[in-house]
Protein chains: 2
Amino acid sequence: MDAIDRQLVALLLEDGRLTYQELARAVRLSANTTADRVRKLHASGVIRGYHATLDHTAIGRPLHLISDLRLREGTDNDEFHRGLAGIPQVIEAFRVTGEYDYQIRVACTGTEEFEGVLAVLKREHGVREVRSRLLLHHIPLTPGSILEL
Amino acid sequence: MDAIDRQLVALLLEDGRLTYQELARAVRLSANTTADRVRKLHASGVIRGYHATLDHTAIGRPLHLISDLRLREGTDNDEFHRGLAGIPQVIEAFRVTGEYDYQIRVACTGTEEFEGVLAVLKREHGVREVRSRLLLHHIPLTPGSILEL
DNA sequence: TATGAAATTTTTAGCCA
DNA sequence: TGGCTAAAAATTTCATA
């Protein structure tokens, strides 16, 4: 994990479909060596994976919310995780400390759909309390900057 | 945006580096037609982009937190956004409604570093109040399921 | 880490229903 | 429009040093 690896990761954070040749030009190595390095970064777990990013608004789900969830006593964690994975509107989920147990991010067609998601969470998945806020705007950052530290 | 497009997007959400040939095999079209469709999905904005995902723990930042931020009166939003982008430990940021104005996700080497981030936010970027919780576990979901609706 | 050849993939252009 | 084939260009992989 030297300076060149950090550069490669930074480039791939920006555009995960850059070819090895393009990466190679940027770091001034051969395409081959570059491919080796990138594969090793993936194999070693530094790069967890590559993923397309979806515009949920463009597919008809413009209502985005962050909800804190508290579970009822005795709700099984793994079962709850599987339950979350079964709700398509839930696009991200974290176990957290503090007042609530989980925080999820949700993308819905509208308020009625969100109401349905909440109802399912409470009725079928052991959710006792919810606090939600509307997600207004995703602030664009420069994820690669963390590698410069 | 028909059933095949949805299948393609779902595949690329899982693995953003799948080749057009691999995608083509999965949806039983020619590599060419598949490439056309994927390029159109990107051009039309359904696919926002492709990005490598970093394992922050693997690069020495195992402390992950979610912090709610409230800004002081009169703090300029765009200026604040630029400020956030200048803090490498901030890996995601949203403008939200509710009790707080923003929610950010942070990855740090340890508590001292996080303390430093909080200090900078308050001293230099107009943050008035912070509420943080530790991020314990990222629940793995199936992002493509949203396309099946 | 680099080189060069082989295999694969992507792009381009033209064509068909 | 949506799909295809085929040839050309680009890229990746593999063997070797």
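Lettering follows sequence order; numbering is per chain, from 1.
Interatomic distance, B/Leu65 CG to A/Thr97 OG1, rounded to the nearest 0.5 Å: 7.5 Å.
Using a 4.0 Å cutoff on non-hydrogen atoms, no part of residues 16-26 of chain A comes near DNA chain C.
Other residues, nucleotides and ligands contribute only 12 or fewer heavy atoms inside 6.0 Å of the CD atom of A/Glu115.
An angle of 30°, rounded to 10°, separates the two end axes of the helix from C/dT1-D/dA17 to C/dA17-D/dT1, each defined over five pairs.
The distance between the ring centers of B/His138 and A/Phe94 falls below 6.0 angstrom. For A/Tyr50 and A/His42, the ring centers sit closer than 6.0 Å to each other. Ring to ring, B/His137 and A/His81 are close: their centroids are under 6.0 angstrom apart.
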Mind listing the N/O atom pairs, protein and nucleotides 2-4 of chain D, below 3.5 Å?
from, atom 1, to, atom 2, distance (Å)
D/dG3, OP1, B/Arg37, NH2, 2.6
D/dG3, OP2, B/Arg37, NE, 2.9
D/dG3, OP2, B/Arg37, NH2, 3.0
D/dC4, OP2, B/Ser30, N, 3.0
D/dC4, OP2, B/Ser30, OG, 3.1
D/dC4, OP2, B/Thr33, OG1, 2.7

Please list, pair by pair, any protein nitrogen or oxygen found under 3.5 Å from a nitrogen or oxygen in nucleotides 14-17 of chain C.
none

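Within the structure, salt bridge (charged side-chain N to carboxylate O under 4.0 Å, His left out) pairs that include any residue of residues 7-23 of chain A do not occur (at least two apart or interchain).
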Does A/Arg37 form a salt bridge (Lys or Arg N to Asp or Glu O under 4.0 Å) with A/Asp2? I'd like the steps, not just the answer. CA-CA 10 Å; A/Arg37 277 175 177 264; A/Asp2 59 9; 2.9 Å; yes

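Between A/Arg39 and D/dT13 there is a side-chain polar atom (N or O) within less than 4.0 angstrom of OP1 or OP2.
Although no hydrogens or angles enter the test, the distance criterion places a donor-acceptor pair under 3.5 Å between the side chain of B/Thr34 and the main chain of B/Ser30.
Of the charged side-chain nitrogens involved, at least one lies within less than 4.0 Å of a carboxylate oxygen, so that B/Arg131 and B/Asp68 count as a salt-bridged pair. B/Lys40 and B/Asp5 are not joined by a salt bridge, as no carboxylate oxygen comes within less than 4.0 angstrom of a charged side-chain nitrogen. Classification of A/Arg61 and A/Glu113 as a salt-bridged pair holds, one side-chain N sitting under 4.0 Å from a carboxylate O.
By the salt bridge (Lys or Arg N to Asp or Glu O under 4.0 Å) test, B/Asp76 is found to be paired with no residue, residues two or more places apart in sequence or in another chain being considered.
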